[in-house]
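Structure first, commentary second.
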Amino acid sequence: MHAVEGVLFDIDDTLVDLETAMGRTLHHIGAETLAHLSVAEWAEYKRLYTRDPHGYYNQYLAGELSFTEQRVRRARHAQASFVTEPLEGESAHRWNTAYEAILPLHFKPYDDVVPLLDALDEAGIPYGAVSNNVHDYQRAKLDKAGLERVAALVGIDAVGVAKPDPAIYLEGARRLGTSPSGTLYVGDNPAIDAEGADAAGLVGIWLDRGLHTGVEEFKGRRITSLAHVLQFLQEIR
């Protein structure tokens with residue numbers, strides 16, 4: 001492969017710890033209605049919401065649901081086992097309003113993010129992000145998490161497609177001014193991020209933060225911390 005010219009990142013659960021932010025938000029806004037849940041039930045409730053087993057977020061990406069609709073459907077499914085009244089109508093509106101207000105308060109980067117960005121800055125290697133959400137929402141998320149320095153950002157509204165369509169990765173490389181074959185793409189989803197980036201001609205790397213199961217057949221590049229990106233760079237530069 002070519003020398004590394006730049007690095008692109010996924011955002012959610014790669015740079016920003018969205019899983020923890022969502023879990024804390026769900027606990028905050030469900031403190032009264034779900035106060036009867038045991039510790040194990042809380043864990044299951046949050047798991048159902050954050051892992052989205054019915055793929056409602058993918059339906060949003062496909063244009064089948066609005067952003068709010070996918071969120072409410074995830075919450076409704078997660079709550080179904082624990083409450084008698086479904087999350088609908090005015091209660092769904094109130095839930096979503098509270099969720100939107102609380103979630104950004106919990107946006108934080110993982111501990112391994114800033115040290116890597118510092119090292120990339122020192123090495124003069126440009127970096128940015130490519131995300132399966134719209135630009136403005138993800139820009140606000142990065143800024144709230146203290147990651148304003150991630151200036152180059154491509155959302156699904158930039159090219160009208162989502163990962164793993166090659167066009168969105170290639171737009172990220174174009175904005176960095178790097179060749180696809182000289183651009184690393186690092187993300188937490190082995191299929192969408194690592195394999196999708198590889199298929200687009202970038203160098204895909206799966207950041208395994210322990211959020212995905214059933215990926216024993218993955219044969220690509222895998223790391224368990226962003227600290228390993230530096231090691232990877234040193235090995236191939």
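The figures here come from the full heavy-atom set of this structure, side chains too, leaving out hydrogens, waters and symmetry mates. Numbers here simply count residues along the sequence, with the first being 1.
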Please answer whether the main-chain N or O of L153 pairs with a side-chain N or O of R175 as donor and acceptor at a distance below 3.5 Å. yes
Would you compute the distance between atom CD1 of I223 and atom CG of L230 and round it to the nearest 0.5 angstrom? 9.5 Å
Closest non-hydrogen contact found for H36 with E41 is O-OE1, 4.0 Å
Can a side-chain donor-acceptor contact be found between T183 and E5 if the only test is distance below 3.5 angstrom? no
Would you mind reporting whether E44 and L37 have side-chain heavy atoms less than 4.5 Å apart? no
Examine I125 and L147 and state if one hydrophobic cluster contains both, with Ile, Leu, Val, Met, Phe, Trp and Tyr joined whenever side-chain heavy atoms are less than 4.5 Å apart. yes
A78 to Y49 - nearest heavy-atom pair and separation: CB-N, 3.9 Å
Using the rule given for side chain to side chain contact (heavy atoms under 4.5 Å, CB included), can you reason through M22 versus R74, listing the C-alpha separation, both sets of side-chain angles and the distance that settles it, and then say yes or no? CA-CA 12 Å; M22 289 192 295; R74 289 164 66 179; 3.9 Å; yes
Y127/T178 under side chain to side chain contact (heavy atoms under 4.5 Å, CB included): CA gap, chis, key distance, verdict: CA-CA 10 Å; Y127 53 83; T178 58; over 6 Å; no
Search all heavy atoms of A145 against all heavy atoms of V16 and return the closest pair with its distance. CB-CG2, 4.0 Å
Would you sort out whether V154 and H135 count as a side chain to side chain contact (heavy atoms under 4.5 Å, CB included), showing the intermediate values? CA-CA 6 Å; V154 178; H135 174 278; over 6 Å; no
Quick one: are R221 and D198 in side-chain contact, heavy atoms under 4.5 Å? yes
Can you tell me how far CG of L103 sits from NE2 of H28, rounded to the nearest 0.5 angstrom? 12.0 Å
Is the centre of the F9 ring less than 6.0 Å from the centre of the Y185 ring? no
If we count only N and O atoms by modelled type, under 3.5 Å, do the side chains of D157 and Y137 hold a donor and an acceptor together? no
Once you round to the nearest 0.5 Å, how far does OG of S91 lie from CD of Q79? 8.0 Å
Pair E69 + R73: basic N to acidic O under 4.0 Å: no
Are R71 and E100 ion-paired here, with the side-chain N under 4.0 Å from a carboxylate O? yes
Begin with the C-alpha distance, continue with both residues' side-chain angles, and end with the deciding distance and a verdict on side chain to side chain contact (heavy atoms under 4.5 Å, CB included) for E148 and L142. CA-CA 6 Å; E148 299 92 337; L142 286 171; over 6 Å; no
Tightest non-hydrogen contact, residues Y99 and P104, listed as O-CD, 4.4 Å
Do K163 and D10 have side chains that get closer than 4.5 Å, going by heavy atoms? yes
Donor-acceptor contact present, side-chain H54 to main-chain H77, <3.5 Å: no
Going only through I, L, V, M, F, W and Y residues with side-chain contacts under 4.5 Å, is there a path from V72 to L65? no
What I'd like to find out is whether the side chain of V83 reaches to under 4.5 Å of the side chain of Y45, using heavy atoms alone. no
Presence of salt bridge, D188 and R209, under 4.0 angstrom: no
Between Y56 and F67, ring centroids under 6.0 Å: no
Exercise: identify the closest heavy-atom pair between L176 and A152: CD2-CB, 4.0 Å
Working to the nearest 0.5 angstrom, can you tell me the gap between D12 CG and N189 CG? 11.5 Å
May I ask you to check whether over 12 heavy atoms, not counting those of E122, lie within 6.0 Å of atom CD? no
Taking the side chain as every heavy atom from C-beta outward, state whether L15 and P109 have any atom pair closer than 4.5 Å. no
Is L48 reachable from L87 through a run of hydrophobic residues whose side-chain heavy atoms are each under 4.5 Å from the next? no
Looking only at non-hydrogen atoms, find the nearest pair between G172 and L8 and report the distance. C-CD1, 3.6 Å
In this structure, are over 12 heavy atoms from other groups packed under 6.0 Å from E90 atom CD? yes
Roughly how far, to the nearest 0.5 Å, is the NZ atom of K219 from the CD atom of E195? 11.5 Å
My understanding is that only one of K108, K46, R51 makes a salt bridge (charged side-chain N to carboxylate O under 4.0 Å, His left out) with E19; could you say which? R51
Test item: side-chain donor near acceptor, Y110 and D17, under 3.5 Å: yes
Does a side-chain N-to-carboxylate-O contact under 4.0 Å join D136 and K141? no
D118 side chain near R149 side chain, heavy-atom distance below 4.5 Å: yes
As an exercise, state the distance from NE2 of H228 to OG1 of T224, rounded to the nearest 0.5 Å. 4.0 Å
Checking Y57 against N132: is there a side-chain donor and acceptor pair closer than 3.5 Å? no
With a 4.5 Å heavy-atom cut-off, do F107 and L18 have their side chains touching? yes
Taking the side chain as C-beta and beyond, is there a heavy-atom pair between L184 and V4 under 4.5 Å? yes
